[in-house]
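Computed from heavy atoms alone, side chains included, the values below leave out hydrogens, waters and symmetry copies.
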Amino acid sequence: PHLRSIFFRNPDSGWALRDVRNEKTNVLSTYLLHTKDGGKTWLRTSPEPVVQFTSDDHQVIVALAFADDRRGWLVGEGPVANGLVFATSDGGRSFHKLDRLSEKLGICSGVYVQPDVGLWIYGNGFVLHSRNGGSTWESAINARHLGFSSEDWISVLSALFLRDGHGWLVGEAA
């Protein structure tokens, strides 16, 4: 078992991704754990894994964020260097893949959500922002405005935004 990522919405309520690999079948199962007591106890949100991949799939979930106790998102790397985005509206008991969005993304490295500033998904060559919980998305960076010919120049690894919408992106330039 391996903890991949952790997210706390407040000092008591948090979620973590736990990977379990079956050595016989080479299947990686990712479970979502939840705590309501600041991390003293953790329980699976569902007996079934959120996702399962074989090592041949080249897919992995890398980050998670929750807006409240019900709405959350998982992001990661999909096949052929596409992004993966999953959403839940029941606290992590079930997830659905956002296929239309996933196909348009590069590899996702993170997700950030704050009720006052919206939902952000970022990774290799993109930063997307949604003001409506993921129903619609807009590009949040303008590479030409920053002096680059395209957005492929950046790989965003982390983000933080303030209530007024100002924020920081941390990453690597190619």
**Q** Nearest 0.5 Å, please: how far is OG1 in Thr88 from CZ in Arg93?
**A**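 Separation between the atoms: 7.5 Å.
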**Q** Rounded to the nearest 0.5 Å, how far does CG of Leu74 lie from CG of Leu84?
**A**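 One finds 10.0 Å between CG of Leu84 and CG of Leu74.
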**Q** I'd like to know if the side chain of His129 reaches the main chain of Glu138, judged simply by a donor and an acceptor atom lying under 3.5 Å from each other, with no hydrogens or angles considered.
**A**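 A pair under 3.5 Å: no.
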**Q** For the pair Arg70 and Ser89, evaluate side-chain contact (heavy atoms from CB on, under 4.5 Å) and give the outcome as yes or no after the intermediate values.
**A** CA-CA 5 Å; Arg70 301 193 56 75; Ser89 59; 5.7 Å; no
**Q** When you look at Tyr31 and Thr45, which way does the side-chain contact (heavy atoms from CB on, under 4.5 Å) test go after all the steps?
**A** CA-CA 8 Å; Tyr31 295 90; Thr45 59; over 6 Å; no
**Q** Using the rule given for side-chain contact (heavy atoms from CB on, under 4.5 Å), can you reason through Arg21 versus Asn26, listing the C-alpha separation, both sets of side-chain angles and the distance that settles it, and then say yes or no?
**A** CA-CA 6 Å; Arg21 181 173 303 280; Asn26 205 28; 3.3 Å; yes
**Q** Any side-chain heavy atom of Leu64 sitting closer than 4.5 Å to one from Trp73?
**A**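 SC-SC contact between Leu64 and Trp73 ruled out.
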**Q** Roughly how far apart are Asp69 CG and Ser13 OG, rounded to 0.5 Å?
**A**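 The CG atom of Asp69 sits 4.5 Å away from the OG atom of Ser13.
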**Q** At what distance, to the nearest 0.5 angstrom, does CG of Leu98 lie from CZ of Phe86?
**A**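 Those atoms lie 8.5 Å apart.
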**Q** Would you indicate whether the side-chain heavy atoms of Cys108 and Phe126 approach each other to under 4.5 Å?
**A**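 Yes; the side chains approach each other to less than 4.5 Å.
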**Q** Taking Arg71 for the side chain and Asp68 for the main chain, is one N or O donor matched with an acceptor at less than 3.5 Å?
**A**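 Checking the backbone N and O of Asp68 against the side chain of Arg71, no donor-acceptor pair under 3.5 Å is found.
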**Q** If you take all heavy atoms of Ser130 and Gly133, which pair is closest and at what distance?
**A**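 Closest pair (atom of Ser130, atom of Gly133, distance): OG-N, 3.6 Å.
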**Q** Any chance the rings of Trp120 and Phe161 have centres within less than 6.0 Å?
**A**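 Ring-ring flag for Trp120/Phe161: true, centres closer than 6.0 Å.
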**Q** Quick one: CD on Glu48 to OG on Ser94, what's the gap to the nearest 0.5 Å?
**A**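 If we round to the nearest 0.5 Å, Glu48:CD and Ser94:OG are 12.0 Å apart.
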**Q** State which residue, out of Trp15, Phe8, Phe66, fulfils the ring-ring contact (aromatic ring centres under 6.0 Å, His included) condition with His34.
**A**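 Answer after filtering Trp15, Phe8, Phe66: Trp15.
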**Q** Do Glu172 and Leu157 have side chains that get closer than 4.5 Å, going by heavy atoms?
**A**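 The answer is yes, as the side chains (C-beta and beyond) meet within the 4.5 Å cut-off.
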**Q** Please assess Lys36 against Asp12 for the test salt bridge (Lys or Arg N to Asp or Glu O under 4.0 Å), listing each intermediate value before the final yes or no.
**A** CA-CA 5 Å; Lys36 294 180 181 181; Asp12 293 322; over 6 Å; no
**Q** Distance from Ser109 atom OG to Tyr122 atom OH, nearest 0.5 Å?
**A**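 Answer for the OG-OH pair, Ser109 versus Tyr122, is 6.0 Å.
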**Q** With Ile61, which of Asp19, Val51, Leu32, Val50 fulfils side-chain contact (heavy atoms from CB on, under 4.5 Å)?
**A**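 So the option named by the test is Val51.
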**Q** Quick check: do Leu43 and Thr41 have side-chain heavy atoms less than 4.5 Å from each other?
**A**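 A side-chain contact under 4.5 Å is absent here.
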**Q** If you define the side chain from C-beta out and look only at heavy atoms, does anything of Val27 sit under 4.5 Å from Ser29?
**A**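 Yes, at least one pair of side-chain atoms sits under 4.5 Å.
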**Q** Side chains of Val170 and Leu160: closer than 4.5 Å at any heavy-atom pair?
**A**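 Sidechains of Leu160 and Val170: no contact.
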**Q** Hey, does the side chain of Ser5 reach the backbone of Ala63 with a donor-acceptor pair shorter than 3.5 angstrom?
**A**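 Not at all, since once roles are kept as given, no pair shorter than 3.5 Å links the two residues.
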**Q** What heavy-atom pair brings Leu3 and Ala16 nearest, and what distance separates the two atoms?
**A**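 So the minimum-distance heavy-atom pair works out to CD2-CB, 4.0 Å.
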**Q** Any side-chain heavy atom of Leu119 within less than 4.5 Å of one from Val111?
**A**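 The answer is yes; the side chains approach within 4.5 Å.
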